[in-house]
Amino acid sequence: MVFSNSTVTKEDVLRVLGTVQEPELHRDLVSLGMVEDLQVDGSRVSFTVVLTTPACPLKSEIEKEAREAVMAIPGVTEVQVKLGSRVRTGKQERVMIPKVRHVIAVGSGKGGVGKSTVSVGLALALAETGAKVGLLDSDIWGPNIPQMLGVQTPPRQVGEKLLPAISHGIRMISMGFFVDESTPIIWRGPMVGKMVEQLLTDVEWGELDYLVVDLPPGTGDASLTLAQSIPLSGLVVVVTPQEVAVADATKATSMFERLNVPILGIVENMSYFLCAHCGEKSYIFGQGGAQRMAEQHGAPLLGELPLDPEVRAGGDQGRPVLVAHPDSPVSEAFRKIAGQVAARVSVLSAKAERDGAVPSRV
C-alpha cells in the first residue's frame, strides 16, 4: 500500500480503513460511511466509527482492527478511536409510525413459554446499550407487561395522542392500562385487530431505534394485523424444548414466513434448571427442540435461557432480572440475545437498502 512521502494525511487513513470490514455486513468501514470526524494532527490521528447499532456485539473487534490498521501507517504514533452509533432504517415506509426505525415482533405458537419475559428482557437489554426502545404489549387477552415492569401509572393523553408510560428507560403501552386486571376481555378477532392498530397509531412513540412488540400466542388477528399494517424488521420466536411447544411455534413461524417477515432467530426458554447446590443442569422439558427448529427454518438459535426463580420473582414483583440482578448469568444471556438480534436487523436493513426492497404486505 502506498502512503504519502512526508506527513500523514487523511487520504492515508481512509485508505487503510477501507481495508477494515464490518464483520456482519461484510463491507469496509469507509464504503459504509461509518468513519466520521477524522482528524490528523501531525502523528496523531482521531476518528469516530459510527456503528449500525449501539448493541453491536462485535464493537470491540471493529475498534481493535481499525486502530491497528491506522497504527500501521508510517509516521503515526497515536490513534484515538471513538465509537458512536446510528441505527439505519433501510428503504422501508412506516406511515403509521414514521419515527420508529425498526419493529421487532416476539411471538410463539402457544402461551406459557415465557414470550413476555423474553420481550421485556430483549427491550431492556437493547435500552442498556443506549438505543431508544419502545415496548408494545399487544397480547390483548393477557396483558402482563405493566406488572412485569412495575408500572402502575397509566399513560397520559395529550391532544389526540397517548404518551406511553416509561419504565427503566423504555416507552411502553399495554391494554393492561385500560382494563381492570380481574376483567376478562371477550372480543372477537376484528376487534382485536383494530385495537392493535390503535395501540400503534394513537400513541406518540417519538423517535425509536427499536419497537419490541409482544404478540399474543398463535396465529390470530393481532399477529396478522401487525404483519399487514407495517413492515416488520423481523420476528424473534420463543419456544420451550418440548416437542408440543416446538410444533406450535413452527406453525406461527411458518405464518410469518408466508408474510415475508424475516425470522431473526429462536430463543429457547426454560431450557434447563440449574441446581443452586451442586450446579448440575436438569433438562426438565427435554433437550434440543429449539436447535432442531432453528435448523429447520435456517435461523440462528439466539440463546438458551434457564428456568430461574429470580426471573419468575422479578416478573411478579415488577423488577425484571436485568434490573434486580444485572450481573446474573440470565441477564448476560439476555444481553447476548439482544446483540445478535440487533446485528441481524442491521444486516437485513443493509441488504434492503442495497436491493431497494420494501418488505411485502398481503
Side-chain angles (χ1 to χ4, degrees), residues 53-55 85-89 92 94-107 115-140 142-179 195-216 222 225-226 229-236 264 314-315 318-324 326 331 334-335 337-339 341-342 345:
T53 170
S85 63
R86 186 181 305 118
V87 178
R88 305 178 182 185
T89 307
Q92 302 179 12
R94 289 201 173 89
V95 178
M96 296 178 72
I97 42 174
K99 296 180 183 178
V100 176
R101 294 185 176 89
H102 294 287
V103 180
I104 300 170
V106 180
K115 174 180 50 58
S116 296
T117 297
V118 172
S119 296
V120 169
L122 174 61
L124 286 171
L126 289 171
E128 273 189 357
T129 68
K132 299 174 183 176
V133 181
L135 177 56
L136 168 59
D137 181 4
S138 70
D139 192 344
I140 303 299
N144 298 317
I145 299 294
Q147 177 182 349
M148 297 176 73
L149 283 174
V151 180
Q152 297 178 342
T153 305
R156 295 185 297 113
Q157 184 163 352
V158 177
E160 297 182 354
K161 293 281 190 177
L162 285 173
L163 294 182
I166 297 179
S167 176
H168 308 295
I170 298 172
R171 302 171 199 175
M172 186 268 292
I173 201 74
S174 169
M175 187 66 184
F177 287 126
F178 311 112
V179 294
M195 176 53 67
V196 172
E197 282 192 17
Q198 286 187 291
L199 292 176
L200 282 168
T201 59
D202 292 354
V203 175
E204 184 54 65
W205 290 106
E207 186 176 338
L208 293 179
D209 295 317
Y210 305 101
L211 175 61
V212 178
V213 182
D214 179 30
L215 294 173
T225 296
L226 185 73
S229 300
I230 53 176
L232 293 173
S233 297
L235 172 72
V236 174
L264 299 175
R319 284 181 54 79
V321 66
L322 277 112
V323 175
S331 294
F334 273 120
R335 293 185 185 102
I337 290 170
V341 169
V345 168

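- Remark: K115 engages D214 in a salt bridge, criterion side-chain N to carboxylate O under 4.0 Å.
- By the 4.5 Å heavy-atom criterion applied to side chains, V103 and V213 are counted as neighbours.
- Rounding to the nearest 0.5 Å places CG of L162 at 10.0 Å from OG1 of T201.
- Closest of all the heavy-atom pairs between A324 and R319 is CA-NH2, 3.5 Å.
- Considering all non-hydrogen atoms of both residues, P216 and S138 come closest at CD-O, 3.4 Å.
- Taking both residues in full, the closest heavy atoms of P143 and D137 are given as CA-OD2, 3.1 Å, listed atom of the first, atom of the second, then distance.
- To the nearest 0.5 Å, atom CD1 of residue I145 and atom OG of residue S174 are 7.0 Å apart.
- Distance check, rounded to the nearest 0.5 Å: NZ of K161 to CG of D202 gives 6.0 Å.
- Using modelled atom types, one finds a donor on one side chain and an acceptor on the other under 3.5 Å when comparing Y210 with T53.
- We find that R101 and D209 are joined by a salt bridge, their nearest charged nitrogen and carboxylate oxygen being less than 4.0 Å apart.
- Counting only residues at least two apart or in different chains, side-chain hydrogen bond (donor to acceptor under 3.5 Å, both in side chains) contacts with residues 162-171 are absent.
- The two residues A105 and L232 make their nearest non-hydrogen contact at CB-CD1, 4.4 Å.
- Taking CD1 of I104 as the reference point, atom CG of L211 lies at 9.0 Å (rounded to 0.5 Å).
- Between M172 and F177, the closest side-chain pair of non-hydrogen atoms falls below 4.5 Å.
- Nearest heavy atom pair, residue V151 against residue A165, reads CG1-CB, 3.8 Å.
- Inter-residue side-chain proximity for P326 and V321 is flagged as unmet; no heavy-atom pair is nearer than 4.5 Å.
- Taken from OG in S119 to CG in L149, the straight-line distance is 10.5 Å, to the nearest 0.5 Å.
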Side chain to side chain contact (heavy atoms under 4.5 Å, CB included) between H102 and V87, intermediate numbers included: CA-CA 9 Å; H102 294 287; V87 178; 3.3 Å; yes
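- Side-chain contact between L122 and V341 is present, with at least one heavy-atom pair separated by less than 4.5 Å.
- Inter-residue side-chain proximity for L135 and I170 is flagged as met; some heavy-atom pair is nearer than 4.5 Å.
- E128 places no side-chain N or O within 3.5 Å of a backbone atom of G130 that could act as its donor or acceptor partner.
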Side chain to side chain contact (heavy atoms under 4.5 Å, CB included) evaluation trace for D139 with M175: CA-CA 8 Å; D139 192 344; M175 187 66 184; over 6 Å; no
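- A 4.5 Å side-chain heavy-atom check between L124 and V323 finds at least one atom pair inside the cut-off.
- Residues W205 and I173 are in side-chain contact: their nearest non-hydrogen atoms beyond the backbone lie under 4.5 Å apart.
- Distance check: L235 CG to L215 CG gives 7.0 Å after rounding to the nearest 0.5 Å.
- Residues S116 and M148 form a side-chain contact, since some pair of their non-hydrogen atoms from C-beta on lies under 4.5 Å apart.
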